[in-house]
Structure formats: structure tokens, C-alpha cells
Undergrad: 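Here it is: the structure, laid out below.
The first residue in the sequence is number 1, and the count goes up from there.
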Amino acid sequence: MLNAKNSSKFTKNSKILIGLAAILTVLYILSFTKSCTSTDKREKVKTALVNQKYKNSIESIILQDATGTLVLKNIGSFWTVARDTESINGPIQLRVDIPASPERINNFIEELIKVRNLYKISDKINSNSSLGLTNGTEFHIRYNYTNESSDSESFHELIFGNQDFSLSSRYLMTGSNTQVYEIDTSLDTYLTTSVQSWAEPYIISREIVSTDIQTITAISTEKAYKSINKITGKSEQADKLLELRHGGIPTSDQILDSSKSETLLGLDIENGDKSSIKIKINPLANQESTYLVETNYFDSEGELIYNSYSTISSWTYNKIKEITL
């Protein structure tokens with residue numbers, strides 16, 4: 001009698017559990033169906049941030065955030081990067097530039113001209129908006145290009161704000177209207193005004209020099225060396241010299257102050273195509289264990305092609321002496 005009673009109770013409980021499982025299954029299927037049939041209420045816009053036809057006409061790109069401003073400039077055969085302390089709409093002061101990384105800039109432009117989905121979330125932004133587009137933390141990209149049809153310059157601006165709550169999108173405006181969009185985060189890696197992120201890293205630019213070094217004449221004025229040395233022909237020393245990297249861009253004041261001191265080490269370099277490079281290294285004013293490098297590039301006729309200034313550490317300076325003296 002007891003076993004029959006327990007069996008009946010077990011059968012009843014099983015039926016209840018099966019019924020609950022069936023109800024939960026139906027609810028799950030209904031919720032899944034609802035989510036699949038629901039539509040995104042945001043307006044989707046399929047577009048590129050920069051028209052592809054302007055890809056080869058871009059002359060400069062200005063990058064600005066709360067920490068400063070960088071100017072990327074196309075000077076024909078290569079790009080340069082310069083630090084600019086003025087506001088994005090202010091006057092441009094004298095800048096000190098160095099060759100930029102062509103690979104990074106090309107990748108950046110490819111991202112700008114890529115067709116992607118934008119989602120409009122508002123037609124107008126409020127002054128107290130939490131989207132990060134008007135509070136000083138936004139990131140500006142301003143680019144100009146030559147309009148071949150009218151032979152005039154055109155300027156456009158993109159403004160990037162905060163990421164959304166899921167960190168998968170970022171808010172975006174253009175300088176021409178107040179509409180706010182969401183864009184994916186694929187451009188985030190380019191939203192920086194760090195010089196090192198954009199500059200070609202080498203002391204001797206591989207964008208300007210595309211031939212082998214034939215001779216290096218090093219002249220040291222330091223008491224410990226006080227010597228002249230000449231390296232002729234393709235050599236291991238030349239290869240090592242080409243691998244050395246700089247530490248960034250000095251300020252105009254640092255260049256002016258450092259130029260008053262005696263040059264510690266000078267390098268006269270002749271290349272296989274008869275072009276040449278002259279390098280002067282001075283101690284950097286008010287910066288212990290840091291040196292100023294002035295690099296001048298000349299064509300085969302002796303005409304100056306490009307002049308740049310960069311900084312190096314004491315380790316790199318000693319390495320140059322080790323290689324060339």
C-alpha cells in the first residue's frame with residue numbers, strides 16, 4: 001500500500017515538472033521569436049566618412065584632443081607630422097616636423113574611405129549632453145583636400161565623442177551639422193595625438209633615403225674623442241646606423257637654445273645615388289641625457305630637400321659614437 005502511494009506521488013510530481021518545462025520552453029521560443037522579429041529603431045546610414053574619390057587629394061589632416069594638436073601633411077613624396085599648440089581653428093604657428101609613418105597614414109585613410117554603417121541617434125545635440133562631443137574631451141579630425149573640378153581647397157571635420165555603454169560604438173558628429181551618429185570602434189586606434197604613434201621611427205628616414213650608404217664621415221668635438229673617422233663602402237656600421245630610432249620632436253625653444261651650443265658629433269653621409277645627409281648632434285637644452293639631432297637631406301645636385309629635428313637618448317647617442325668613431 002505504501003509503495004503504491006509513493007508511486008502515485010512520484011507520477012504526480014513528474015507531470016508537474018514536465019508541465020513547467022513545457023511552459024518555460026514555450027516562453028523561451030516566444031521571447032526568441034520576438035527578439036528576431038524586432039527591428040532597430042535607429043536610422044541606418046551606409047556611407048564613408050571621406051569620399052573615396054578624394055583619397056589621393058588629401059593634403060593635410062589635423063588631429064586634436066585635450067592634450068594637443070598634431071598636423072599630418074602631404075608634401076609630395078612623403079608625409080610629415082608636426083606638433084601644433086594652437087587650437088584647431090586658430091592661426092598656425094611655426095612647426096617642427098619629421099617624416100611620418102606612411103603605413104599608418106595609408107591605413108588611416110583606408111579606414112576613412114571605407115563604406116560602413118552609421119546609426120543616427122539624434123538630429124540635434126544638447127549643450128549638456130553626456131555624449132562627450134561638446135565638453136572638451138572630444139577628438140577632432142579635420143582634413144583638407146584639393147577639389148580638382150574647381151582647383152580649390154575644401155575642409156571637413158569629424159568629431160568623435162564617448163563610447164556607448166557597451167563599448168562597441170562611439171558617438172560621432174560632423175562639423176557641418178548637429179546630427180549625432182553611432183559608429184563602430186575601428187577608428188579608435190587612430191584617435192591619438194601622440195607623435196610616436198604617427199612618426200616614422202628612424203633617425204635617418206627610409207622614406208627620403210632609398211639607396212645604400214656609401215661613406216660616413218664622423219667628426220667628434222668631445223675631448224674624449226676629438227677625432228675624424230671615415231667609413232667607406234657598404235658596411236655593417238651603415239646598416240646599424242640606419243636601424244637607430246629617435247625619441248620624438250623637440251620644441252622650437254629647445255632647438256633655438258641647443259643651436260647655441262657647440263656640435264658634439266657631426267656626420268657627413270654620401271649615398272649610392274650621390275645624394276647626401278648631414279647630421280648634427282647637440283646636447284638638448286634643459287634636458288639631461290637627451291640630445292638634439294638636426295638632419296639635412298640633399299639631392300645629387302647638393303640642393304636641400306628636407307630638414308628635420310628630433311631627439312635621442314644618451315644610449316642612442318653613445319651607440320652612434322660606437323658605430324661611427
Undergrad: Any side-chain heavy atom of Thr69 within less than 4.5 Å of one from Leu63?
TA: no

Undergrad: Any side-chain to backbone donor/acceptor pair from Asn282 onto Leu292? Under 3.5 Å, distance only.
TA: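 No; zero donor-acceptor contacts below 3.5 Å.
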
Undergrad: Looking only at heavy atoms, which two atoms of Gln196 and Gly247 are closest? And how far apart?
TA: NE2-O, 2.7 Å

Undergrad: Checking the side chain of Glu207 only, and the main-chain atoms of Ser101 only, is there a donor and an acceptor separated by less than 3.5 Å?
TA: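 Such a contact is absent between Glu207 side chain and Ser101 backbone.
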
Undergrad: side-chain contact (heavy atoms from CB on, under 4.5 Å) with Ser210: which residues, sequence neighbours excluded?
TA: none

Undergrad: Decide yes or no for Tyr145 and Asn51: does some side-chain heavy atom of the first lie under 4.5 Å from some side-chain heavy atom of the second?
TA: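 No - every pair of side-chain heavy atoms lies 4.5 Å or more apart.
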
Undergrad: Do Leu264 and Pro283 make a side-chain contact, defined as non-hydrogen atoms from C-beta onward lying under 4.5 Å apart?
TA: yes

Undergrad: What verdict does the side-chain contact (heavy atoms from CB on, under 4.5 Å) test give for Asp257 and Gln287, after you've listed the backbone C-alpha separation in whole Å, the side-chain angles of each residue and the deciding distance to 0.1 Å?
TA: CA-CA 11 Å; Asp257 290 340; Gln287 291 286 332; over 6 Å; no

Undergrad: Say whether Leu112 and Val81 are linked into one hydrophobic cluster, either directly or through other cluster members, by side-chain heavy-atom distances under 4.5 angstrom.
TA: yes

Undergrad: Report yes or no: do Ile219 and Ile269 belong to one cluster of Ile/Leu/Val/Met/Phe/Trp/Tyr joined by side chain heavy-atom distances under 4.5 Å?
TA: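 No, separate clusters.
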
Undergrad: Output the rest of the hydrophobic cluster of Tyr202: all Ile, Leu, Val, Met, Phe, Trp and Tyr residues reachable through side-chain heavy-atom contacts under 4.5 Å, sorted by chain and number.
TA: none

Undergrad: If every non-hydrogen atom of Ile231 is compared with every non-hydrogen atom of Thr324, which pair is closest and at what distance?
TA: CD1-CA, 4.1 Å

Undergrad: State, to 0.1 Å, how close Ser220 and Leu325 come at their nearest heavy-atom pair, and which atoms those are.
TA: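 Looking at all heavy atoms of both residues, the closest pair is CB-CD1, 3.8 Å.
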
Undergrad: Quick one: ring pair (Phe, Tyr, Trp, His ring centres under 6.0 Å) partners of Phe108, sequence neighbours excluded?
TA: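 For Phe108 the ring pair (Phe, Tyr, Trp, His ring centres under 6.0 Å) partners, ignoring immediate neighbours, are Tyr190, Trp198.
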
Undergrad: Tell me, do Ile277 and Leu267 make a side-chain contact under 4.5 Å, heavy atoms counted?
TA: no

Undergrad: Answer yes or no: is there an ion pair linking Glu322 with Lys319, defined by an N-O contact shorter than 4.0 Å?
TA: yes

Undergrad: Dump the intermediate steps for salt bridge (charged side-chain N to carboxylate O under 4.0 Å, His left out) on Lys280 and Glu262, then the final yes or no.
TA: CA-CA 10 Å; Lys280 296 179 181 179; Glu262 183 180 16; over 6 Å; no

Undergrad: Between Ile208 and Ser205, which heavy-atom pair has the shortest distance, and what is it?
TA: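 For Ile208 versus Ser205, the nearest heavy atoms are N-OG, 3.3 Å.
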
Undergrad: Just by distance, do the side chain of Arg170 and the backbone of Gly161 share a donor-acceptor pair under 3.5 Å?
TA: yes

Undergrad: Kindly compute the distance separating CG (Leu242) from CD1 (Ile213), expressed to the nearest 0.5 Å.
TA: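 Going from the CG atom of Leu242 to the CD1 atom of Ile213 covers 4.0 Å.
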
Undergrad: Between Asn162 and Ser130, is there a donor-acceptor pair closer than 3.5 Å when you use the side chain of the first and the backbone of the second?
TA: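 Here the side-chain-to-backbone pair exists.
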
Undergrad: Checking Thr174 against Tyr181 for the side-chain contact (heavy atoms from CB on, under 4.5 Å) test, could you report, in this order, the C-alpha distance in whole Å, the side-chain angles of both residues, the deciding distance, and whether it holds?
TA: CA-CA 9 Å; Thr174 67; Tyr181 298 88; 5.5 Å; no

Undergrad: Kindly write out the residues that satisfy side-chain contact (heavy atoms from CB on, under 4.5 Å) with Ile305, not counting sequence neighbours, or none if the list is empty.
TA: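 Per chain and number, Ile305 pairs via side-chain contact (heavy atoms from CB on, under 4.5 Å) with Tyr297, Asp299.
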
Undergrad: Testing the basics here: between Asn74 and Ile58, what is the closest heavy-atom pair and its distance to 0.1 Å?
TA: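 Heavy atoms only, the tightest pair is ND2-O, 3.6 Å.
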
Undergrad: For Thr67 and Thr193, which I'm curious about, is there any donor-acceptor pair between the side chains at under 3.5 Å?
TA: yes

Undergrad: Could you grab the distance from atom CG of Asn117 to atom CD of Glu182, nearest 0.5 Å is fine?
TA: 12.0 Å

Undergrad: Do Thr221 side-chain atoms and Thr263 backbone N/O form a donor-acceptor pair below 3.5 Å?
TA: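 Side chain of Thr221 to backbone of Thr263, a donor-acceptor pair under 3.5 Å: yes, one is there.
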
Undergrad: Would you kindly confirm whether Phe155 and Met173 end up in one hydrophobic cluster when ILVMFWY residues are joined by side chain heavy atoms under 4.5 Å apart?
TA: no

Undergrad: Same cluster for Ile113 and Val45 if Ile/Leu/Val/Met/Phe/Trp/Tyr side chains link at under 4.5 Å?
TA: yes

Undergrad: Verify the distance criterion only: is there a donor paired with an acceptor across the side chains of Glu59 and Thr146 at less than 3.5 Å?
TA: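 Note: Glu59 and Thr146 side chains meet the donor-acceptor criterion.
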
Undergrad: How about CD on Gln52, more than 12 heavy atoms from neighbouring residues, nucleotides or ligands closer than 6.0 Å, or not?
TA: no

Undergrad: Mind checking whether Glu294 and Ser259 have side chains closer than 4.5 Å, heavy atoms only?
TA: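 Result no, sub-4.5 Å side-chain heavy-atom pair not found.
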
Undergrad: Test salt bridge (charged side-chain N to carboxylate O under 4.0 Å, His left out) on Glu110 and Lys114 and set out the steps.
TA: CA-CA 6 Å; Glu110 288 295 331; Lys114 183 169 70 175; over 6 Å; no

Undergrad: Any non-hydrogen side-chain atom of Gln214 less than 4.5 Å from a side-chain atom of Lys274?
TA: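 They are not in side-chain contact.
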
Undergrad: Between the side chain of Ser122 and the main-chain N/O of Lys124, is any donor-acceptor distance below 3.5 Å?
TA: yes

Undergrad: Are Phe298 and Phe78 in one and the same hydrophobic cluster, where Ile, Leu, Val, Met, Phe, Trp and Tyr link if side-chain heavy atoms are under 4.5 Å apart?
TA: no

Undergrad: Please report the interatomic distance CG(Leu244) to NZ(Lys240), rounded to the nearest 0.5 Å.
TA: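 Between atom CG of Leu244 and atom NZ of Lys240 there are 10.0 Å.
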
Undergrad: Taking side chain as C-beta onward, heavy atoms only, is Thr316 less than 4.5 Å from Tyr291?
TA: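 The answer is no, as the side chains (C-beta and beyond) never meet within the 4.5 Å cut-off.
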
Undergrad: Would you say the side chains of Ser261 and Ser258 form a donor-acceptor pair under 3.5 Å?
TA: no

Undergrad: Looking at every non-hydrogen atom in both residues, tell me the closest pair between Val96 and Ile249 and how far apart they are.
TA: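 Heavy-atom minimum between the residues: O-CG2, 3.5 Å.
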
Undergrad: Are Asp273 and Ser300 linked by a side-chain donor-acceptor pair shorter than 3.5 Å?
TA: no

Undergrad: Can Arg245 and Glu200 be counted as an ion pair, charged N to O under 4.0 angstrom?
TA: no

Undergrad: Taking 4.0 angstrom as the limit, do Lys73 and Asp97 come out as a salt bridge?
TA: no

Undergrad: Between atom CZ of Phe160 and atom NE2 of His140, what is the distance when rounded to the nearest 0.5 Å?
TA: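 The NE2 atom of His140 is 11.0 Å from CZ of Phe160, to the nearest 0.5 Å.
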
Undergrad: Under a 4.0 Å threshold between the charged nitrogen and the carboxylate oxygen, would Lys321 count as salt-bridged to Glu222?
TA: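 Yes, this pair counts.
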
Undergrad: Going through the distances and angles, do His246 and Val293 end up as a side-chain contact (heavy atoms from CB on, under 4.5 Å)?
TA: CA-CA 9 Å; His246 61 73; Val293 180; over 6 Å; no

Undergrad: Any side-chain heavy atom of Ile279 within less than 4.5 Å of one from Ile204?
TA: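 Yes, close enough: below the 4.5 Å cut-off.
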
Undergrad: Hey, what do you get for CG (Asp65) to CD1 (Ile141), rounding to the nearest 0.5 Å?
TA: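 Interatomic distance, Asp65 CG to Ile141 CD1, rounded to 0.5 Å: 11.0 Å.
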
Undergrad: Please identify each residue that fulfils side-chain contact (heavy atoms from CB on, under 4.5 Å) with Asp123, with sequence neighbours left out.
TA: Lys120, Gln179

Undergrad: Under the ring pair (Phe, Tyr, Trp, His ring centres under 6.0 Å) test, which residues partner Tyr143, sequence neighbours left out?
TA: His156

Undergrad: Within the distance-only criterion (no hydrogens, no angle test), does the side chain of Asp164 pair as donor or acceptor with the backbone N or O of Ser168 below 3.5 angstrom?
TA: yes

Undergrad: To the nearest 0.5 Å, tell me how far Ile159 CD1 sits from Thr134 OG1.
TA: 9.5 Å

Undergrad: Kindly determine whether Thr189 and Glu111 satisfy side-chain contact (heavy atoms from CB on, under 4.5 Å), including the steps that lead there.
TA: CA-CA 11 Å; Thr189 184; Glu111 284 291 335; over 6 Å; no

